[in-house]
Amino acid sequence: MSQNTQNIQHSLLSWYDQHKRDLPWRRTKDPYAIWVSEIMLQQTQVQTVIPYYERWMKRFPSIQKLAQATVDDILPFWEGLGYYARARNFHKAAQEIVQKYQGKIPTSAQELIQLSGIGPYTASAIASIAFDEDTPVVDGNVRRVISRLFLTPDDKDKIQEQAEKILAHGRAGDFNQAMMELGATICTPQNPQCLICPLQKNCQAFAKGLQADYPPLMKRVVQKAIKTVGGIIWKEDKILIHQRPLKGLLGGLWEFPNFRVSEKKEGSKLLQKYSHQEIGILISAGEKIRQVKHVYTHLIESLDIYLGRWVKGKIPSKNYKWVKSIELSQYPFTGICSKIRTRILNGTPNVSSSEEKKSHKALKKKESPEKVLIPT
DNA sequence: AATCCGGGGAA
DNA sequence: TTCCCAGGATT
């Protein structure tokens, strides 16, 4: 091992021992708990994950409890976290563990990666953190730190090679977390805090003043704008909701019926047309309640919501349901439709965006609605 | 090798 | 606004 590597390991681990954040999943060695955290942390920041992690662990405290649950049981605990396939894959893996592994979580990265939802990163993370296997992780943080430390080109194999070279054997779990912690708190994408960085003396980018140039920027994709029309469709005191197909965008989440449109016709007519074509019901469509925008990674959706009333026809029993407005909060909703749901429950069709955010959070805490919008 | 898959924090 | 986050599955 080179002098430089020894120095990096020592400086990084000393810094980590002294400065590591007190995170819920760092208070345990339970491999299941660490697994939960690693799945939630995929492409998701620590501060976002913490409340979800706490709620999840309370409701599904073990791999057995998770395996016993249904997909509909688990989705509400993932609502708003995004990348819903993570929840489904994790659930599937839990059932595999119970059925094929006698309920025992495998201890090696090589075995873990076989499970659904576990890729190279997560396999190494669980193996090193929960089982002390000497295997390095490479995530967005590690990629950036290594890229700057060694001016490594942004090549998957080169980064992996470097990560293996500097891994502190015997303390792989701490070392891996330290690399990620450094990337998250000091060696940040913009304005890295090089002056207080424990690896400043080892950093080739800092020596040349090239921190801002590493890693090279990725080309970004332009978001596509799409337009949809949807309806709050009443039948007596009930509203029609739809569960999205399990696979694909927002899989398994519920929403108010809405349809992709390209034509520039009148929205209420389109809602009638698609309600007939896609759902098989006849409705009368009234005024536009409001327009809601929602930004996805590759998509910007603009949804026009109309008030509707059922006239005749039977809904497909599978993915459609009539529910009372006060029951809406029992279903995990898509982000864009939860904005509208909030307004129905509050009886405030038009609120400012700041108020919208508050009421959205209030809903999640299951606070009782004050008023209910009366159908016209 | 590309593309899909969310929602939010931070500057 | 823009970047990107303790990535994995699908095609």
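In what follows, every chain begins at residue 1, and chains take the letters A, B, ... in the order their sequences are listed. Predicted model, so just to flag it, every value in this text is computed and none were measured.
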[X] has an atom [atom1]; how far is it from atom [atom2] of [N], in whole Å?
| X | N | atom1 | atom2 | answer |
| --- | --- | --- | --- | --- |
| A:Gln223 | B:dC4 | CD | C1' | 14 Å |
| A:Leu112 | C:dG8 | CG | P | 12 Å |
| A:Arg244 | B:dC4 | CZ | P | 15 Å |
| A:Leu41 | B:dG6 | CG | P | 18 Å |
| A:Tyr84 | B:dC4 | OH | C1' | 15 Å |
| A:Tyr214 | C:dC4 | OH | P | 16 Å |
| A:Ile300 | B:dG6 | CD1 | C1' | 14 Å |
| A:Arg86 | C:dA9 | CZ | P | 13 Å |

Check your understanding: Do A:Tyr53 and A:Trp25 make the cut of ring centroids closer than 6.0 angstrom?
Key ->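 Yes, the ring centres sit under 6.0 Å apart.
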
If I pick the [atom1] atom on [M] and the same atom on [N], what distance separates them, to the nearest angstrom?
| N | M | atom1 | answer |
| --- | --- | --- | --- |
| C:dA9 | B:dG8 | P | 24 Å |
| B:dC4 | C:dA6 | P | 24 Å |
| C:dG8 | B:dG9 | P | 23 Å |

**Study point:** Heavy-atom side-chain contact between A:Leu13 and A:Arg171 under 4.5 Å
**Key:**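 A:Leu13 vs A:Arg171: side chains touch.
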
Check your understanding: Heavy-atom distance under 4.5 Å between the side chains of A:Phe131 and A:Pro31, does that happen here?
Key ->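 The answer is yes, as the side chains (C-beta and beyond) meet within the 4.5 Å cut-off.
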
What contact category does [X] fall into here, base, sugar-phosphate, or nothing, at under 4.0 angstrom with non-hydrogen atoms?
| X | answer |
| --- | --- |
| A:Thr188 | nothing |
| A:Ile39 | nothing |
| A:Trp78 | nothing |
| A:Asn89 | sugar-phosphate |
| A:Arg26 | base |
| A:Tyr296 | sugar-phosphate |
| A:Ile126 | nothing |

Side chains of [Y] and [X]: any donor to acceptor distance under 3.5 Å?
| X | Y | answer |
| --- | --- | --- |
| A:Gln177 | A:Arg26 | yes |
| A:Asn176 | A:Ser128 | yes |
| A:Thr70 | A:Asp73 | yes |

Review point. For the base of C:dG7, is there a side-chain donor-acceptor partner from A:Thr122 under 3.5 Å away?
Key: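 In this structure, the two groups form no donor-acceptor pair.
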
Review point. So, does the side chain of A:Tyr121 form a donor-acceptor pair with the base of C:dG7 at under 3.5 Å?
Key: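 There is none.
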
Practice item. Using a strict cut-off of less than 4.0 Å between a Lys/Arg side-chain nitrogen and an Asp/Glu carboxylate oxygen, indicate whether A:Arg21 and A:Glu181 qualify as a salt bridge. Key: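 A salt bridge links A:Arg21 with A:Glu181.
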
Practice item. Would you kindly compare A:Lys247 and A:Pro215 by the position of their nearest DNA chain C nucleotide and give the one closer to the 5′ end? Key: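 It is A:Pro215, whose closest nucleotide lies nearer the 5' terminus.
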
Exercise for review: Specify the residue among A:His298 and A:Gln45 whose closest nucleotide of DNA chain B lies further upstream toward the 5′ end.
Suggested key: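 Closer to the 5' end of DNA chain B: A:His298.
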
Point to revise | Residue met sooner reading DNA chain B from 5', once A:Ile336 and A:Asn191 are mapped to nucleotides | key: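 By nearest-heavy-atom nucleotide position, the 5'-most residue is A:Ile336.
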
[N] phosphate, OP1 or OP2, under 4.0 Å from [X] side-chain N/O:
| X | N | value |
| --- | --- | --- |
| A:Arg144 | C:dC5 | yes |
| A:Gln43 | C:dG7 | yes |
| A:Thr48 | C:dC5 | no |
| A:Lys20 | C:dA6 | no |
| A:His294 | B:dG7 | yes |

Check your understanding: Taking the side chain of A:Gln42 as its heavy atoms from C-beta onward, which of B:dG6, C:dA6, C:dG8 lies nearest to it?
Key ->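 Nearest to the side chain of A:Gln42 among the choices is C:dG8.
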
